[in-house]
Amino acid sequence: MMSKMHWRITLPFVILILIVMGGLSFYLSRPMCVGDSNCVRTAVLTTAIILLISTTLLGLFISSRLENQINQLTTLTQHLLNGERDTPLPRQGKGVIEDFSRTFGQLVDQDNELIALLEEERNQLSEVLVYMADGVIIADQLGHVHQINPAGCRLLGTTADKAVDHTLAEVLRHHELIDLWQRCQQEENEQFAAVEVGQNLFLQAVITPFQQKESQAYLVILQDLTTIRRLETVRRDFISNISHELRTPLASLRAVMETLQVGALKDPPAAKRFLSRADHEVDTLTQMVEELLELSRIESGRVPIRLSVTAVIDLVEIPVERFKAQAKRDKIKLILDLPNNLPHVFADADRVQQVINNLVHNALKFTDEGSVTITAFSPNKTPKSIKREILDLPPSIVICVKDTGSGISPDDLSRIFERFYKSDRARTRGKGGTGLGLAIARHIVQAHNGRLWAESKEGKGSTFYFTLRTA
Ligand code: ADP
């Protein structure tokens, strides 16, 4: 059986030969040629020459067409190899070339689909890497960085441009991390370590060797454990602070009891003095336990907050009145400076008064001379510097308690809202207090969906701000 291809090549030749032969027989059958051997010889010779030239030309024509189509396919393959996947398929050609071209086209389409799928998967993977909170670095056998995600750049304080193609040692820049990678390289197994990078960054690093194509590669994962570490510190400090706070009144109580036991009981005026000291210590302990219980109740949402529409003056006046005598005694000006026409707010009056009590009490406690001012800003009159802090809150009144006291150091400022946190100055100056007041105040404000924060300059004074939603 002849194939299609064979027919396509053979048929033109057969037709050509038939035409030439037909011409020859027509020529020979003419009366003037019958019996003329010269005529026959000339006719056969001419026919042979015509056949030779025409078959050569036809052969050249057919082979050049084939060559042309094969060239097109070769060029297409070349384009595809160069990654130019949009190159159109040759549309010319018939028969086998057409079939081949079509099959090749299907192959290219399939290939394109596969590549699109792979590209989609690769994009998804890159998206995951971009949005991952953990830092990821991929390095080759020699430790040259091939890929680093944004979290990796952020944690190591670099950029992808600066990191890619540089060595891990240059990118990690921390001797413990570099040691870890070298250990991983030598031992060829996973290595991990918790590393403190600088003062405020605590990382857990895991370096894993893996096989990439023919050679070894390394995957570095950096997890930011700073917050967890900070929470651990807060918890540790909380336990140590509560023990410390309990130890002082308990030691004092023990001293009082021992003194009474060894004879002070027989001296009524001394016994009275000691009993009043014991009474004071018991008060301190009771206050601490009550504040702790209060804090835990507010934190767990067990204290119901009953919001009602209230005038700001009704929230501020009572606490200010309460502290007037103390301020006068300490020669500190206690100023209530509320603007007119303040909108009403949603507040649980008792709770908000408790917040103002705590803030004013602290302000007086940490101010030796000068003033303590209580003021408020309505939403349309809030200064820009304060507005920045509450951009995401609904329209709110900001109440401020400002003092000209000792101020708070930046380190303390970030921690004063933690339970039991007291600055060293507060401890060393023997200022009373449990260190729970601000923690309670912040929780009350948060239960009102508001925000409480502070600004301070050491030696210049502090300002505490909190927000209440306008009614
Ligand atoms: P305390 O009962 O000890 O006052 P707080 O939680 O109210 O506890 O305050 C925690 C710490 O914050 C205080 O010990 C003090 O160091 C600091 N602090 C609070 N308010 C002020 C202020 N107005 N001026 C300076 N320091 C302050």
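In this text the structure is predicted, and so the values were computed from the model without any measurement. Atoms within a ligand are numbered from 1 in the order they appear, just like the ligands themselves. Just the heavy atoms: all of them, side chains too, but no hydrogens, waters or symmetry mates, feed the values below. Throughout, numbering of the chain's residues begins at 1 and tracks the sequence.
Under the 4.0 angstrom criterion for non-hydrogen atoms, N358 is not in contact with ligand 1. A heavy-atom separation below 4.0 Å is found between G407 and ligand 1. At a 4.0 Å cut-off, at least one heavy atom of G435 sits close enough to ligand 1 to count as contact. Ligand 1 does not have F417 within reach: every non-hydrogen atom of the residue lies 4.0 Å or more from it.
Between atom 27 (C) of ligand 1 and the options I408, D403, T463, V372, the minimum heavy-atom separation is to I408. Taking only non-hydrogen atoms, the option from N362, T404, L359 nearest to atom 19 (C) of ligand 1 is N362.
Under 4.0 Å from ligand 1, the heavy atoms of K365 that appear belong solely to its side chain. Of the heavy atoms in L436, only backbone atoms (N, CA, C, O) come closer than 4.0 Å to ligand 1. Contacts between L438 and ligand 1, counted as non-hydrogen atom pairs separated by less than 4.0 Å, involve both the backbone and the side chain.
Listed by number with element, the atoms of ligand 1 under 4.0 angstrom from any heavy atom of A363 are 23 (N).
Legend: salt bridge (Lys or Arg N to Asp or Glu O under 4.0 Å) pairs involving residues 346-359, not counting sequence neighbours, sorted by first then second residue: E294-R351.
Scanning both residues, R230 and S414, for their nearest heavy atoms gives NH2-O, 3.6 Å.
Under a cut-off of 6.0 angstrom, the local environment of CG in D392 is crowded, with over 12 non-hydrogen atoms contributed by other residues, nucleotides or ligands. By the 6.0 Å contact criterion, CD on E369 is open, its count of non-hydrogen atoms from other residues, nucleotides or ligands being 12 or less.
Between H146 and D140, the closest side-chain pair of non-hydrogen atoms falls below 4.5 Å.
No salt bridge links R122 with E119; every basic N to acidic carboxylate O contact stays at or beyond 4.0 Å.
With sequence neighbours excluded, the residues satisfying side chain to side chain contact (heavy atoms under 4.5 Å, CB included) with V309 are H344, F346, A471.
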